[in-house]
Amino acid sequence: MLSQSAPKFSSTGTQATRIVGVLTIVVMTWVVISGLVFTPADVVQGESVRIMYVHVPSAWIAYLAFIVTAIASAFYIFAKRHSLGFDRVAGASAEVGVMFMVITLVTGSLWGRLTWGEFWQWDPRLTTTAFLLVTYIGYLAVRRLDGSIEQRARRSAVIALLAVLEIPLVHFSVVFWRSLHQRATILDPNGDVKMDGLMLFTLFSGVVGFTLVFVWLILHRQRTMLLSDLANQSGLDAAILARQNESVSN
Amino acid sequence: MKKTVKKTGRSRVASAVFIKDLRIEARSRVVTNQVLPFAGLIMVMFAFALDNDDVLQRVAGGLIWLATIFSLFIIVQRSFAIDTSDSALDSLRVAGIDLSAVFLGKSIALSLQLIALDVVLIAAAFLLYQVQVSVIGLVLLVTCVICATTGLGFVGTLYGGLTAGTNGRETLLPLLLLPVVAPVLIAATRATEAAFGSGGAAISEGWAWVGLLAIFAAVFGVGGSLAFGPLIDE
Amino acid sequence: MQDAGFIFASYIITVAAIVLFAVGTLRRAKSSAKVVEDQHKPWI
Amino acid sequence: MTVEKVLEFSDVVIVYDNFPAVAGATFSVNAGEIVLLQGANGAGKTTLLRACAGLLPIARGSANVLGCDLRLDRLAVRSRVGLLGHANGLFQDLTVLENMLFWSRLVGATRNDVDQAMDAMGLSGRLSETQVAKLSAGQRRRCALASLIVRRAQLWLLDEPHAGLDAQGRDELDRTLRAARDAGATVIFASHEIERASALATRSLVVASGTVKPA
């Protein structure tokens with residue numbers, strides 16, 4: 001029902017999210033400064049290795065996000081009580097995952113231009129990543145199809161589980177496809193980076209920082225989804241009442 | 001009051017749906033009169049665009065499967081348009097029919113139509129692109145076509161069912177299907193190239209790809225029969 | 001130097017994408033939090 | 001013999017596209033009744049019928065059809081009801097007989113059941129070999145009703161069954177529905193033609209703004 005008094009709590013933030021948020025800002029600031037200034041240039045790759053501190057963590061977190069989506073979808077489908085909370089986590093995680101995957105592809109192609117001289121190579125890892133991105137863009141499109149909230153949850157959970165089935169198939173076919181025709185040794189961007197302590201630590205902080213970003217975004221996004229579902233619901237209560245009054249007055 | 005209709009066997013439902021789909025196709029001839037010319041046109045247009053016999057021989061396999069996948073989108077949408085135009089799909093849902101059997105019936109009908117399409121496309125490749133094939137190559141080619149079309153039939157029906165009756169299905173279907181069928185495109189292309197001996201590929205290379213196609217078909221056959229009901233229901 | 005431009009670009013794109021996503025989420029949260037009563041917000 | 005309740009709705013709310021198309025419907029239907037739902041367009045008749053068939057989720061309230069709780073298991077009721085909406089659910093490129101045989105294979109009915117149903121609907125003879133696309137509206141409607149007979153539906157849910165039929169078709173439809181009732185089916189149908197429909201129905205209900213009241 002529409003509230004009589006305006007709700008006092010007008011955000012999705014809590015003590016916990018604020019702590020995560022502050023931590024995120026601290027860690028990310030450190031990653032940016034250390035990645036750009038403190039860490040040394042690579043012997044082979046030169047300065048361009050600095051892109052690694054944002055590229056590699058965002059790729060990892062994108063994959064993490066898609067795994068979270070799959071797990072949450074499985075919980076939604078297989079748990080006795082089909083709890084919509086799992087669906088919201090799955091959706092929020094996929095959205096964040098798509099964002100990180102776009103970051104990964106953009107930073108990766110910038111890095112590729114510097115090291116290989118080309119923005120794009122038909123390397124198995126790149127190709128799989130591109131297919132994966134399109135798959136999850138499709139997943140998000142399925143979430144926007146019209147229908148009830150339960151319908152959305154069920155459809156998207158099925159699609160998420162099918163997408164997980166598809167990841168190994170796409171990956172192996174692409175790896176197999178390339179390996180038959182050319183050796184992919186020079187294409188491996190991480191193979192020839194010699195890491196010293198600070199570089200490793202910065203990369204590690206990058207992973208931590210991006211994970212914090214992920215957690216913070218998921219918490220807020222998932223609550224925002226709940227709010228907008230509830231907002232529809234509260235409109236519904238008013239609508240039921242209005243419709244009943246309508247029938248009485250007739 | 002309590003006399004309930006006895007549940008019909010899955011194979012019976014599947015075969016009824018299969019016969020129904022093929023009979024409608026035999027009568028309306030949409031695949032033969034529209035999709036087939038469309039796919040043939042793709043092959044001819046590529047011949048114009050590439051205009052080089054050596055290149056055409058090399059890429060013949062890829063073109064066949066690209067044309068197949070484009071035709072798949074049309075056939076899938078047509079197949080579900082038949083079921084949704086007079087709400088027959090709703091009637092099936094109301095009647096409590098085993099939807100996984102509907103899935104199987106529709107997939108197999110779809111695969112058969114794709115096989116017929118591929119036979120014509122491969123014949124076109126022989127005529128237009130001057131590809132050669134040995135007897136062993138032909139065995140490989142036939143196996144590849146069967147495995148690939150089975151897999152395409154399963155995924156096509158699965159995602160076609162999901163998008164049937166929704167807004168924007170014409171664009172959503174390719175968006176969902178393209179990344180999923182990527183392995184089929186790659187594997188079937190490589191196997192066909194091996195069968196044709198394009199670019200010096202050996203026939204033995206092709207069988208590994210056919211194996212991948214078989215795995216793909218199995219995964220989506222099982223996944224599809226489980227998922228199809230929940231997807232189109234509600 | 002071309003390298004520097006590319007490196008800065010990749011950092012800026014990363015940070016900008018994250019900030020935009022975060023700001024968008026918070027703004028949507030604020031607008032829909034106004035219509036929902038506090039008792040329905042389990043995180044309070 | 002106690003009267004068997006085929007359908008029992010209590011304070012049922014059905015949400016369709018975020019709109020409470022049915023906002024608190026309470027009514028029940030006994031076995032063997034022919035119930036007419038009257039009401040203006042947009043009153044919620046179609047939504048109500050589709051929900052009875054287990055096609056739409058029940059948002060609130062309790063709903064029981066043929067002994068199945070629709071809130072718990074909407075699928076259980078489905079094989080036992082027949083819904084005929086504005087569309088007929090037929091395949092246009094197939095003949096009448098082929099449509100019937102398709103349904104009979106799905107539900108395990110015999111050829112004899114099919115012949116009987118087609119006889120009852122006056123679809124035997126040359127008509128049975130005609131493609132559905134070439135039939136008149138009334139013939140299609142009869143074809144759709146025949147498929148309900150083949151499916152042995154215990155509860156018939158008909159949305160505007162008289163729409164698009166000529167005088168003869170309407171008479172036939174009325175006869176069919178009475179025959180179906182005599183054969184043990186219960187019928188709930190929506191109609192705008194109050195006079196004709198009231199003569200057919202054993203009881204009338206008024207649907208207005210998503211609620212149900214006795215006429």
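Predicted, not measured: the structure shown is a model, and the values here were computed from it. Here is how names work: the chains are called A, B, and so on, in the same order as the sequence lines, proteins then strands, and each is numbered from 1.
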Practice item. Verify side-chain contact (heavy atoms from CB on, under 4.5 Å) between A:Ser48 and A:Trp111, making sure each step is shown before the conclusion. Key: CA-CA 7 Å; A:Ser48 71; A:Trp111 194 5; 3.7 Å; yes

Practice item. Would you give the length of the straight line joining atom OG1 of A:Thr104 to atom NE2 of A:His55, rounded to the nearest 0.5 angstrom? Key: 6.5 Å

Check your understanding: Does any pair with a residue in residues 132-143 of chain A pass salt bridge (charged side-chain N to carboxylate O under 4.0 Å, His left out), and if so which ones, sequence neighbours excluded?
Key -> A:Asp87-A:Arg143

Review point. With chain C, which of A:Arg221, A:Arg223, A:His220, A:Met225 has the greatest number of heavy-atom pairs at distances under 4.5 Å?
Key: A:Arg223

Check your understanding: By number, which residues in residues 89-102 of chain A have some heavy atom less than 4.5 Å away from chain C?
Key -> A:Glu95, A:Val96, A:Met99, A:Phe100

**Study point:** chain C contacts, top residue of A:Leu230, A:Leu36, A:Thr17 (heavy-atom pairs, under 4.5 Å)
**Key:** A:Leu36

Check your understanding: Does any pair with a residue in residues 9-28 of chain C pass salt bridge (charged side-chain N to carboxylate O under 4.0 Å, His left out), and if so which ones, sequence neighbours excluded?
Key -> none

**Study point:** Side-chain donor/acceptor of A:Arg50 to backbone N/O of A:Thr39, under 3.5 Å
**Key:** yes

Study note, to complete from the structure: Rounded to the nearest 0.5 Å, the CD atom of A:Gln121 sits from the OG1 atom of A:Thr115 at a distance of 8.5 Å

Exercise for review: For the residue pair A:Trp30 and A:Ser205, confirm or rule out a side-chain donor-acceptor distance under 3.5 Å.
Suggested key: yes

Check your understanding: What part of A:Leu110 is in contact with chain C, defined as an atom under 4.5 angstrom from a non-hydrogen atom: side chain, backbone, both or neither?
Key -> both

Practice item. Could you note down all residue pairs passing salt bridge (charged side-chain N to carboxylate O under 4.0 Å, His left out) where residues 200-214 of chain A supplies at least one of them, sequence neighbours left out? Key: none

**Study point:** A:Ile103 versus chain C, the contacting section by heavy-atom distance below 4.5 Å
**Key:** side chain

Exercise for review: Sort A:Val32 into side chain, backbone, both or neither according to what part of it lies under 4.5 angstrom from a heavy atom of chain C.
Suggested key: both

Check your understanding: By a 4.5 Å heavy-atom criterion (distance strictly below it), what part of C:Leu26 contacts chain A: side chain, backbone, both, or neither?
Key -> side chain

Exercise for review: Please check if the side chain of A:His82 supplies one atom and the backbone of A:Tyr76 the other of a donor-acceptor pair under 3.5 Å.
Suggested key: yes

